[in-house]
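Below, chains carry the letters A, B, ... as their sequence lines are ordered, and counting in each starts from 1. All values below were derived from every heavy atom in this structure, side-chain atoms included, with hydrogens, water molecules and symmetry-related copies excluded.
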Amino acid sequence: MTEPAHRYDAKMANRIEPRWQERWEAEQTFRAPNPAGALAEPDHPRAGAPKKFVMDMFPYPSGAGLHVGHPLGYIATDVYSRYLRMAGYNVLHPMGFDAFGLPTEQYAVATGRQPAEITAENIARYKEQLRVLGMGYDTRREFATTDPEFFKWTQWIFLQIFNSWYDTDADRARPIGELIAAFESGERPTPDGRPWAELSDVERRRIVDGHRLAYVTEAPVNWCPGLGTVLSNEEVTAEGRSERGNFPVYTRTLKQWMLRITAYADRLLADLDGLDWFESLKTMQRNWIGKSTGAYADFATYAGDIRVFTTRPDTLFGATYMVLAPEHPLVDALTAETWPADVPAAWTGGHDTPAGAVAAYRAEAAAKTDVERQADAKVKTGVFTGGYATNPVNGETIPVFIADYVLAGYGTGAIMAVPAHDERDFAFAKAFGLPIRQVIAGATPWDGESAYTSDGEAVNSGFLDGLRVLEAKERVIAWLVEHGRGEGATTFRLRDWLFSRQRYWGEPFPIVYDQTGLPVALPEEHLPVELPHMEDFSPKTFDPEDADSAPEPPLGRAKDWVEVELDLGDGPKTYHREVNTMPNWAGSSWYELRYTDPRSDDRIVDPANESYWMGPSGEGDVGGVDLYIGGVEHAVLHLLYARFWQKVLFDLGHVSSREPFRRLFNQGYIQAYAYTDDRGVYVPAEEVEEQADGVFTYQGQKVNREYGKIGKSLKNVVTPDGICAEYGADTFRVYEMSMGPLADSKPWETRAIVGSQRFLQRLWRNIVDEETGEVTVADVPPSPETLREMHKAIAGVRDDYEHLRMNTAVAKLITLNNHLTGLDPVPREAAEALVAMVAPIAPHIAEELWERLGRTGGIAYVDFPEADERYLVEDTVTYPVQINGKVRGRVEIAADAGEEAVKAAALADEKVAANLVGKDVKKVIVVAGKMVSIVAK
RNA sequence: GCGCGAGUGGCGGAAUUGGCAGACGCGCAGGAUUUAGGUUCCUGUGUCCUCGGACGUGUGGGUUCAAGUCCCACCUCGCGCACCA
């Protein structure tokens, strides 16, 4: 028996889908008109309409291609964009490729090929995979970060950053020329006070370079021998390993490029409030920025003042000892020659001299990995230096320790320890038998069992006694300032962004060095600076554990490229190019902007286009993309960097909004089951069979099921193109959208897809005769019931689309479709409404049916159906009647019946009355339109 | 350890405002079509039951006429942070 010739099945879908994809491409259906420039189109149906800018985090095109987990967000933005377009918006929905970066380079090294070649292949593969899914992108705006026309502007932004400084008074970045002018005029004094005119050229350049937002500095950085490059703090995990590849990372002092993101710490923090992001994500950024307010206080010692940072200056009188980080610069000077006579044994670490104890402890601390250190966090260790310091407020002499619970990299690397009011200090004081003095008292007496960290009143604190914590803080800061022993202070955990990488496949810096060794910015007209072709571009390889190795940028070997003769205004001279490249976060830090004006070649974007798509919508609005969907893994990487660049460009007047992404939605992950055999080896998930008793077998052998990521090594990869071939893209789209809430992670289940297939098949059958291919809908008025179902669906589906609840939208569409299945004939009005509502999710079948229904011009710009309130109200309502919380009967009554009438009807109901026999009705509650609740005894 | 989020049928999930728990789909069972299998279609499907009902949203308590939803305590899982002074 053969199937009906006109049944909607995979074969049919695979005939229909390419046809519509070709037509969308030929007609550029999803092009969005710009207000100005090459992409302006005043006659476009959506020109001048309210706009929406909807985009995904663009993919990194790897050799593995997309698996079914990747397109989840892409489909969601596509559905949302198509819905918005039908709802009347001018929708910008673009896609691009984040193509510079390590994986491609590593693959190129491994296969002896060129990264550019591999990148082009991977992008072609990704584009094909996305095209098959029926994405409605404005393909005119597509780019890869590796395109010279694109990275020309990445380099241009770097120059903007290099050529500006942060004016803390104005609280914004300004062109570096304005700083130079301030030095020249004497408005701003030079660091050593000499007049600007008396400084040498090199001296001046060093001062100016020290103010730039992009600067070269020699500082402790994260060196990852396994990757052959240094990394930013954001790329290192809490375990002290590389985020990519999980290699060990070591601290080494090296000369590297940094971007002054710390200048923006406060604004990056404050502007989070105006963003429509998940609160959890904002919290991650807040934690990463890590703002603390408090004070610096100076403790005098014979080795000089020790400055500490504290958030609790109110507890200064309770400081009974001090602790320095083992790496603190004053440790050596402070370490005494001999122990005091009465030194407790626990303080010496068993050593005869303080110097011996300090040296041993330092060696021990340095040998610990971050993981070990964190594992030991509860056990406080340290040694006494033999030195003492003087508490500025009460002149008390207190011992100074070194301990690894104080971190060199935070605050000043030194603390005053107040064991009574800090958990860590308390633990240390207990371990070392140090005095604990209460200086803040709460309402109830302190038990002394653990640190008291709540609010209270100052006690044992001289001039602070009786003040609340907040007042005491202010008072003591004023005292410190008055006596020159400290000041109020704010510190951040955020560090400057280490921006150079010792790899080949990245954007070259638009920087050369002259004979002074100082950096010189290339003029704009030299952009883009392209990578030289190199046969051997592989980084020097290191043992991942070799902490003593040092990075060597491969570009350093391109001698002809590195050494250039240029005329930068003072005659031809020889310069050396910067041989580091930018991290692969560079391109993604601004790409959203480029979508708004991808063809602009004389400036980064035309302000008319930028402000139309991304500008603030009103007073106080931070501006940015209207919806950005992506994974949560970029919380403190891409999303922080992009916000920073946006703010620099905003300060310099190149863009109109303070934030790049007004609304951000984190989609969940699609995960999958993987199976291992007895040996723990993964077996192909596709060939595993489930037995009736819930046991899973592979080739007859029992296997274990585990749940997790989709990946080659787990042998559980399912590709979207494979699914499309087997079921059709529309079925795939419907399935992914109906799996559950977009934000949730959920398991892939190939066998469940047939449900989505059946839905589309029934939809088709409601309109087209499977045997003849004839359209079977009729121009008959829908019944009141059908009208009600239809308008209920319209109201619900609209609301669901607007709030990205595609899963419940699909359920409502199925419900309406199932209703129509029972009708003969199906009224045209209902069929058309349903097809239009299905169009965002299953665009190919919708276009096909729309055309077969005799409508021309395509469905992309058809008005989305509007619900008519008239059809939503029902004539009668069925009230469930509860007696003491249990449903005992139902009564049907006119929808407009009054409360009394409903009450009377409920009490008169046979079942209700039977249940009330012998009971006293105490109370009857009528919830209009919902239910009746009777309280009886 | 601290912070955040989530626990609902065999499975994915719905109920977003305190108002009939389990929409929709998978799976499963029965039936129709078919030589058969598959496909497709129809019907049923929370658990228990003495067929009246009883029970049921991680556990225990509470508020309420009414609780998956609110409050308190706890358990489990996931995520983030993790000596940040």
*Picking from A85(B), C26(B), A82(B), which would you name as closest to the side chain of V754(A)?*
C26(B)
*Do any side-chain nitrogens or oxygens of R762(A) fall under 4.0 Å of OP1 or OP2 in C41(B)?*
yes
*asked:* So that I can tick it off, tell me whether D422(A) and R312(A) are bridged by a salt bridge, with the cut-off set at under 4.0 angstrom between side-chain N and carboxylate O.
replied: no
Contacts under 3.5 Å, N or O only, protein and nucleotides 10-13 of chain B:
residue, atom, partner, partner atom, Å
G12(B), O2', M739(A), O, 2.8

_If the glycosidic angle sits within 90 degrees of zero it is syn, else anti. Tell me which applies to G78(B)._
anti
*Nearest-angstrom distance from the residue atom CG of N818(A) to P of C42(B)*: 8 Å
*Inspect the contact between K746(A) and D744(A) and indicate whether a charged nitrogen and a carboxylate oxygen are less than 4.0 angstrom apart.*
no
*asked:* Whole angstroms only, please: what is the CZ-C1' distance between F428(A) and A85(B)?
replied: 14 Å
_So that I can tick it off, tell me whether K792(A) and E789(A) are bridged by a salt bridge, with the cut-off set at under 4.0 angstrom between side-chain N and carboxylate O._
yes
_Please give the distance between the P atoms of G37(B) and A29(B) as a whole number of Å._
14 Å
*Touch class at under 4.0 angstrom, heavy-atom based, for T283(A) against every strand present*: nothing
_Base, sugar-phosphate or nothing for M931(A)? Non-hydrogen atoms, less than 4.0 Å._
base
*asked:* I'd like to know if D425(A) pairs up with K430(A) as an ion pair, taking the criterion as any Lys NZ or Arg NE/NH1/NH2 lying under 4.0 Å from an Asp or Glu carboxylate oxygen.
replied: no
*Between R286(A) and C81(B), is there a side-chain N or O to OP1/OP2 distance below 4.0 Å?*
no
*So which nucleotide does G52(B) pair with, by the Watson-Crick or G-U wobble rule with both distances under 3.5 Å?*
none
*Over how many whole Å does the gap from K380(A) atom NZ to C83(B) atom C1' extend?*
5 Å
*asked:* On the nucleotide A85(B), are OP1 or OP2 found under 4.0 Å from the side-chain N or O atoms that S292(A) carries?
replied: yes
*Could you work out the separation of C70(B) and U63(B) based on their C1' atoms and round it to a whole Å?*
8 Å
_Given U40(B), C83(B), A85(B), identify the nucleotide with an atom nearest to the side chain of Q761(A)._
U40(B)
*asked:* What's the closest nucleotide to the side chain of R890(A) if the choices are G25(B), C20(B), G53(B)?
replied: C20(B)
*Could you tell me which nucleotide pairs with A15(B) by Watson-Crick or G-U wobble geometry, both distances under 3.5 Å, or answer none if nothing does?*
none
*Roughly how far, to the nearest 0.5 Å, is OH of Y735(A) from OG1 of T750(A)?*
7.5 Å
*N/O (side chain, R765(A)) to phosphate O (OP1/OP2, U40(B)) under 4.0 Å*: no
*Name the orientation of the base relative to the sugar in G13(B): syn if the glycosidic angle is within 90° of 0, else anti.*
anti
*asked:* I'd like the C1' distance from C51(B) over to U47(B), given in whole Å.
replied: 15 Å
*Check every atom of C41(B), A85(B), C65(B) against the side chain of K923(A) and return the nucleotide holding the closest atom.*
C65(B)
*Is A752(A) touching bases, backbone alone, or none of the nucleic acid, heavy atoms closer than 4.0 Å?*
sugar-phosphate
*Do D909(A) and R890(A) meet the salt-bridge criterion of a basic N to acidic O distance under 4.0 Å?*
no
*Taking only Lys NZ, Arg NE, NH1 and NH2, and the carboxylate oxygens of Asp or Glu, determine whether E487(A) and R307(A) approach each other closer than 4.0 Å.*
yes
